[in-house]
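Have a look at the structure below, then the notes.
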Amino acid sequence: MTTQATVNPQPAAGKVILEREGALAKVVLSHPGRLNAITVGMWQQLRETFIAIAADPQIRCVTVRGADGQFAAGADIREFPQVRADEAAVMRYHRDILAPALAAVAACPQPVIAVIEGVCVGGGMEIAAQCDLRIAASGARFGVPINRLGFPMAPDEMRGLLALVGRANTLAILLEGRVFDAQEALRMGLLTRVVEAARLDEEAQASVQAILRGAPLAARANKQIAARLTASAAALSEAEYQHFFSYADSRDHKEGVRAFLAGEKPIFHGE
């Protein structure tokens with residue numbers, strides 16, 4: 001059964017839609033006629049949506065995509081004269097609106113897949129960079145051409161891109177301001193896979209099903225330890241090791257081993 005809800009809809013045309021299909025949550029960026037350019041209201045909705053997803057133990061996988069064949073054409077520049085009018089407003093916009101939204105995506109304990117077609121630039125690419133997997137159609141386009149708008153990428157927004165593609169590629173993307181194709185994005189490590197447009201939904205569904213077949217506690221633990229090891233070179237503490245290996249007594253761990261030895265498919269419960 002599919003359910004659909006809009007999280008705190010705003011007066012602006014843009015919105016973030018949350019759909020449910022069993023254990024799968026589908027997040028859709030929708031701003032008709034604007035290539036899904038992301039308004040302030042949409043950034044706030046994105047944060048609220050991912051906070052709600054993170055708190056729902058029944059959700060085991062999340063996809064993020066844009067409506068109408070486009071991922072997102074970055075932030076809605078039409079709002080800039082009002083929401084980025086001076087230094088204080090610029091700081092509020094990036095630190096109090098964009099950064100919390102991106103942080104909520106990054107902090108989501110469930111695996112998150114970005115399903116990318118069409119344009120994926122600026123803020124759209126920042127959102128995709130915070131996802132765990134990025135599957136793109138071969139015709140998708142990427143870039144952060146904000147040098148033409150006269151401003152740099154904010155630190156909290158650059159963090160995700162740096163972690164994904166490294167310093168050299170991040171600087172090439174920002175300093176040149178080019179819009180580039182999916183194959184180049186794949187080579188620099190921005191994407192997980194590139195497929196023909198006709199196969200995008202099929203490939204995304206295959207990835208979702210592979211995740212749903214796995215143990216949800218293991219998926220969460222993998223995300224958590226990957227984030228910790230990426231963020232700090234410091235050795236894990238004894239408490240961190242104990243927390244990590246606490247999965248050993250879980251129902252899912254016992255079920256996985258039992259099913260393998262019995263030649264059966266495991267049934268995981270997230271416990």
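We count residues from 1, following the sequence as given. Source: prediction; values computed, not measured.
No donor-acceptor pair closer than 3.5 Å links the side chain of Arg220 to the backbone N or O of Pro109. Side chain of Gln110 to main chain of Asp56: a donor-acceptor pair is present (N/O by atom type, distance under 3.5 Å, no hydrogens or angles). Although no hydrogens or angles enter the test, the distance criterion places no donor-acceptor pair under 3.5 Å between the side chain of Asp156 and the main chain of Arg95. A donor-acceptor pair is defined here as one N or O able to donate and one able to accept, closer than 3.5 Å; such a pair exists between the side chain of Lys223 and the backbone of Cys108. Distance alone, capped at 3.5 Å, is enough to place a donor-acceptor pair between the Asn36 side chain and the His31 backbone.
Between Leu102 and Arg159, every side-chain heavy-atom pair lies at or beyond the 4.5 Å cut-off. Counting heavy atoms from C-beta on, the side chains of Met91 and Asp96 never come closer than 4.5 Å. With contacts defined as side-chain heavy-atom distances shorter than 4.5 Å, the pair His269/Asp252 qualifies. For the pair Val195/Glu202, no side-chain contact is recorded, criterion being any heavy-atom separation below 4.5 Å from C-beta on. Looking at heavy atoms from C-beta onward, Leu161 lies in side-chain contact with Leu190 at the 4.5 angstrom threshold. Ile135 places none of its side-chain heavy atoms less than 4.5 Å from the side chain of Val115. Using a 4.5 Å cut-off on side-chain heavy atoms (C-beta onward), Ile113 and Cys61 make contact.
Rounding to the nearest 0.5 Å gives a distance of 11.5 Å between CG of Leu133 and OG1 of Thr63. Ile17 CD1 to Lys26 NZ: the interatomic distance, rounded to the nearest 0.5 Å, is 12.0 Å. Between the CD atom in Glu126 and the CE atom in Met153 there is a gap of 4.0 Å [rounded to 0.5 Å]. In this structure, the separation between CZ on Arg34 and CG on Asp76 is 4.5 Å, given to the nearest 0.5 Å. Residue Gln44 holds its CD atom at 13.0 Å from CD1 of Ile38, rounded to the nearest 0.5 Å. Arg199 CZ to Gln205 CD: the interatomic distance, rounded to the nearest 0.5 Å, is 13.5 Å.
Of all the heavy atoms in Pro111 and Arg60, the pair that sits closest is CD-O, 3.4 Å. Here the closest heavy-atom approach between residue Ala197 and residue Ser138 is recorded as N-OG, 4.1 Å. Across all non-hydrogen atoms, the minimal contact from Leu191 to Ala182 is CD1-O, 3.5 Å. Shortest non-hydrogen contact noted between Val194 and Leu186 is CG2-CB, 3.9 Å. Of all heavy-atom pairs between Ala185 and Phe142, the closest is CB-CD1, 3.8 Å. For the pair Trp43 and Gly123, the tightest heavy-atom approach, listed with the atom from each and the gap, is CH2-O, 3.8 Å.
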side-chain contact (heavy atoms from CB on, under 4.5 Å) evaluation trace for Val27 with Val105: CA-CA 11 Å; Val27 178; Val105 178; over 6 Å; no
Can you list the steps and then say if Tyr93 with Leu98 is a side-chain contact (heavy atoms from CB on, under 4.5 Å)? CA-CA 6 Å; Tyr93 178 80; Leu98 269 70; 3.4 Å; yes
Give the C-alpha distance, both sets of side-chain angles, the deciding distance and a yes or no for side-chain contact (heavy atoms from CB on, under 4.5 Å) between Leu236 and Ile225. CA-CA 10 Å; Leu236 294 175; Ile225 201 66; 4.0 Å; yes
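Note: the hydrophobic cluster containing Ile97 also contains Phe50 (ILVMFWY, side chain heavy atoms under 4.5 Å, direct or indirect links). No continuous path of hydrophobic side-chain contacts links Val64 to Val119 [ILVMFWY only; heavy atoms under 4.5 Å]. Ile127 and Leu200 fall into different hydrophobic clusters, where Ile, Leu, Val, Met, Phe, Trp and Tyr residues are linked whenever their side-chain heavy atoms come under 4.5 Å apart, directly or through other members. Linking ILVMFWY side-chain heavy atoms closer than 4.5 Å, directly or via other members, places Met42 and Met125 in a single hydrophobic cluster. Connection of Leu18 to Leu29 is established within a shared hydrophobic cluster, with ILVMFWY side chains joined at heavy-atom distances below 4.5 Å, either directly or through further cluster members.
Counting non-hydrogen atoms of other residues, nucleotides and ligands closer than 6.0 Å to CG of Asp68 gives a total of 12 or fewer. With a 6.0 Å radius and a threshold of 12 heavy atoms from other residues, nucleotides or ligands, Ile267 has its CD1 atom at or below the threshold. Within a 6.0 Å radius of CD in Glu196, no more than 12 heavy atoms belonging to other residues, nucleotides or ligands are found. In the displayed structure, Arg167 atom CZ is contacted under 6.0 Å by at most 12 heavy atoms of other residues, nucleotides or ligands. Within 6.0 Å of CZ on Phe151 lie more than 12 heavy atoms contributed by other residues, nucleotides or ligands. Heavy-atom neighbours of Gln82 CD from other residues, nucleotides or ligands within 6.0 Å: above the threshold of 12. Counting non-hydrogen atoms of other residues, nucleotides and ligands closer than 6.0 Å to CZ of Arg193 gives a total above 12.
Applying the side-chain contact (heavy atoms from CB on, under 4.5 Å) test to Ser246 and every residue at least two apart in sequence or in another chain returns nothing. Scored by the salt bridge (Lys or Arg N to Asp or Glu O under 4.0 Å) test, Asp201 finds Arg65 as partners (sequence neighbours excluded).
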